[in-house]
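Okay, structure first, notes after.
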Amino acid sequence: MNSVGVGSLVKILSKNSEMALPKKTSYKVLAAVAVSLIMIPCAIVVGYISYVMTEALIEADNPGGGMLFEMQVLSAFSMIFGILVVFSVLFFSSDREHFVTLPIPSHHLMFGKFIYAFLAESIMEFLILIAVFIGYITAIAKNLGLAKVLHPVTLISSASGVMLIPLVPMIYCAIFSVLLMAVLSKVRSVKVFYRLSTLFLLIFAGLFIYSLRSMGEINMDNYVESLGSGDNLFLETLNVIFFTVPWLADAVSRGNILYFLLFLAGNTALLTVLYFLGKAFYQKGLYTAASLGSVKKQRVRDKDIVSSSQFKASLQKELRVILRTKAFSANTAFINLIWPLGAFLLFHFTKDKGAIKAFIRMYDMGKDRADMILLMVIVSIAFIATALNSVASTSFTREGQHISLIKFIPVPYRTQLMAKAAVSFIFTYPALIATNIIICIYVHVPVGTAVLFAVLMLLAHIISIIVGMTLDSNSPYIDWDDEYTALRGNLNVFFNMAIMMLLSLIVIGMGLFIYEILLLPATIFYIALSVILVGAAVRMMIVWPGVIIENMKKL
């Protein structure tokens, strides 16, 4: 394989893989806030979990068990969320027609695209893996001595693991993509490929739930005990699927060079398999992708939007773009279901035990502290959920290179932006209401208070929509090759999330200040927060249309 040629392809593909940071000072500040409130806290939490699990498993004489479990969970998530990204990059990116006409061997093109997808998709995972190893090394140094972690093999293995742990699941994704496109070349529906991520998610989730069957009471102590004893079906299964990870864990925990060499050999062997499969089948898969693309385009052309209202027509167009595109529908529309589903699972299985039981009891007793905490949680969910689904913060990015049509279609700017805001409301607020209802039922919140929560969630939701749309209208990311890149590479999504996390911290800080410092009742917090949210939302609804319309005129 011509490594120089593949390296050049990776550079070309990476050039426009992410939105360039605007040169305005405000965006540099937003970048600093985003790193401080998203990336660093995530790394600290993961590192702390690794530290605690390692300390607990030292007593079970299996200090590497926690690290192994975390690496395997990360591998599973890489495979679940990487399959659609790799599939899209390999076969459905917009640059496909340009590359296939060049004198480049098809398997070199495949390898270049694969390496690009691997690096782009794994950046955050690299940071998390660094935290995993730091947490492990800190616990070992504290309990077993510094000399234990300064072994050269331990240090080299840890550094290699940061870069290579995500590689195996991504290789699997590429192998599945290449083989499926070749074997199922006569299938004229791309849905069969896109359903793989859901299948993997269900399989791994089922294994995890099944692994809890013999634990009795489900808690962290019991789960850590199962890891220490090696009697955990979920981990055992992942150890077979991602077979190189246990070798790395042994290399790190034992300082054994043989296991480290086995780890490198396993990764090399899988890369070799991918190379030869690509050489045999990738070209055929590209032909299949071309035929699927033409069928899909024809089907879309055959159905027009018919409406007597410009707003309805604009809204239908926004809905179609999201629902008909797998990347957008899964990551912006259906992702909202995690909030009501997560709330139900959390309260249904833990309402009679631990911290949740104690909190419900505290709320039933009429404690102001419980009132304050619940209000903080409800408002924070509304801020973060709206930013997380990125519907608002990709409002203009979704237009792609056809964004200039916004200025030329015979629909007023205000009507277009109202349709973009409405689609965010449609996908997000019903899920927020469902989450609110579930929480209020389990915590025994009075109906009047539940209605107030719904109103406050609406205000926080409106603020998040406005911030997201303002960011994206000011600097949309339009030069993307595929829809996953439009989401993953859009800095506006990242910035909007950081701002909403900052607002959530402000809400929490205000509550703590009023209740803990000023010693005022929770009612004062309710009143203060309600006044602030109403004032901010109303003010923004008056001012923001003009600001965004001016941005639209400059697109």
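Distance check: Ile171 CD1 to Leu274 CG gives 6.5 Å after rounding to the nearest 0.5 Å. Interatomic distance, CG of Leu487 versus OH of Tyr477, reported as 10.5 Å (0.5 Å rounding). The line from CZ of Phe126 to CG of Leu129 is 8.0 Å long, rounded to the nearest 0.5 Å. Rounded to the nearest 0.5 Å, atoms CD (Gln72) and CG (Leu74) are 9.5 Å apart. One finds the CG atom of Leu491 at 8.0 Å from the OG atom of Ser475 (value rounded to the nearest 0.5 Å). Atoms CZ and OG1, from Phe425 and Thr386 in turn, are 10.5 Å apart once rounded to the nearest 0.5 Å.
Here the side chain of Lys113 pairs no donor or acceptor atom with the backbone of Leu90 at under 3.5 angstrom. For Tyr172 (side chain) and Ile241 (main-chain N/O), a donor-acceptor pair under 3.5 Å exists by modelled atom type. Not one N or O on the side chain of Ser424 forms a donor-acceptor pair closer than 3.5 Å with the backbone of Ala421. Of the possible polar contacts, none joining the Ser157 side chain to the Thr154 backbone as a donor-acceptor pair under 3.5 Å is found. Of the possible donor and acceptor atoms, one in the side chain of Gln416 sits under 3.5 Å from a partner among the backbone N and O of Val411. No side-chain donor-acceptor contact under 3.5 Å links Thr325 to the backbone of Phe328.
For the pair Tyr413/Lys407, a side-chain contact is recorded, criterion being any heavy-atom separation below 4.5 Å from C-beta on. Side-chain atoms of Leu315 and Ile426, non-hydrogen and from C-beta on, do get closer than 4.5 Å to each other. The shortest distance between side-chain heavy atoms of Leu388 and Trp339 falls below 4.5 Å. The shortest side-chain heavy-atom distance between Ser75 and Ile165 falls under the 4.5 Å cut-off. Using a 4.5 Å cut-off on side-chain heavy atoms (C-beta onward), Leu277 and Leu179 make contact. Between Val86 and Glu121, every side-chain heavy-atom pair lies at or beyond the 4.5 Å cut-off. The shortest side-chain heavy-atom distance between Asn496 and Asn492 does not fall under the 4.5 Å cut-off. Side-chain contact between Ile335 and Phe427 is absent, with no heavy atoms from C-beta onward closer than 4.5 Å.
Under the ring pair (Phe, Tyr, Trp, His ring centres under 6.0 Å) criterion, the residue pairs touching residues 244-270 are Phe243-Trp247, with sequence neighbours excluded.
Across Ala387 and Ser464, no two heavy atoms sit closer than the pair N-OG, 3.6 Å. Here the closest non-hydrogen pair linking Met170 and Ala117 is CE-O, 3.9 Å. Taking every heavy atom of both residues into account, Met552 and Ile406 meet most closely at CE-CG2, 3.5 Å. The shortest non-hydrogen separation linking Val423 to Arg398 is CG1-NH2, 4.0 Å. In terms of heavy atoms, Ala434 sits closest to Pro340 at CB-CB, 3.9 Å. In plain terms, the two heavy atoms of Met181 and Gly285 that are nearest each other are CE-O, 3.3 Å.
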Using the rule given for side chain to side chain contact (heavy atoms under 4.5 Å, CB included), can you reason through Leu68 versus Asn239, listing the C-alpha separation, both sets of side-chain angles and the distance that settles it, and then say yes or no? CA-CA 9 Å; Leu68 173 61; Asn239 284 344; 3.8 Å; yes

Under the side chain to side chain contact (heavy atoms under 4.5 Å, CB included) criterion, do Phe133 and Met71 qualify, and how do the steps go? CA-CA 10 Å; Phe133 288 115; Met71 290 191 294; 3.7 Å; yes

Can you check side chain to side chain contact (heavy atoms under 4.5 Å, CB included) on Phe111 and Leu271, steps first, answer last? CA-CA 9 Å; Phe111 241 85; Leu271 279 173; 4.1 Å; yes

Apply side chain to side chain contact (heavy atoms under 4.5 Å, CB included) to residues Ser393 and Phe495 and explain how you reach the verdict. CA-CA 9 Å; Ser393 52; Phe495 294 156; over 6 Å; no

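Side chain to side chain, Glu70 and Ser50 meet the donor-acceptor criterion of an N or O pair below 3.5 Å. At a cut-off of 3.5 Å, with distance as the only test, no side-chain donor of Asn256 or Asp250 sits close to an acceptor on the other residue. Side-chain atoms of Thr397 and Asp472 include a donor-acceptor pair closer than 3.5 Å.
For the side chain to side chain donor-acceptor pair (under 3.5 Å) test, no residue two or more places apart in sequence or in another chain qualifies with Asn267. Thr332 pairs by the side chain to side chain donor-acceptor pair (under 3.5 Å) definition with nothing, not counting sequence neighbours.
In the displayed structure, Phe281 atom CZ is contacted under 6.0 Å by at most 12 heavy atoms of other residues, nucleotides or ligands.
Remark: Lys420 is positioned above the aromatic ring of Phe396, its terminal NZ or CZ atom under 6.0 angstrom from the ring centre and at most 45 degrees off the axis.
Classification of the Phe118-Phe114 ring pair by plane angle, with boundaries at 30° and 60°, yields parallel.
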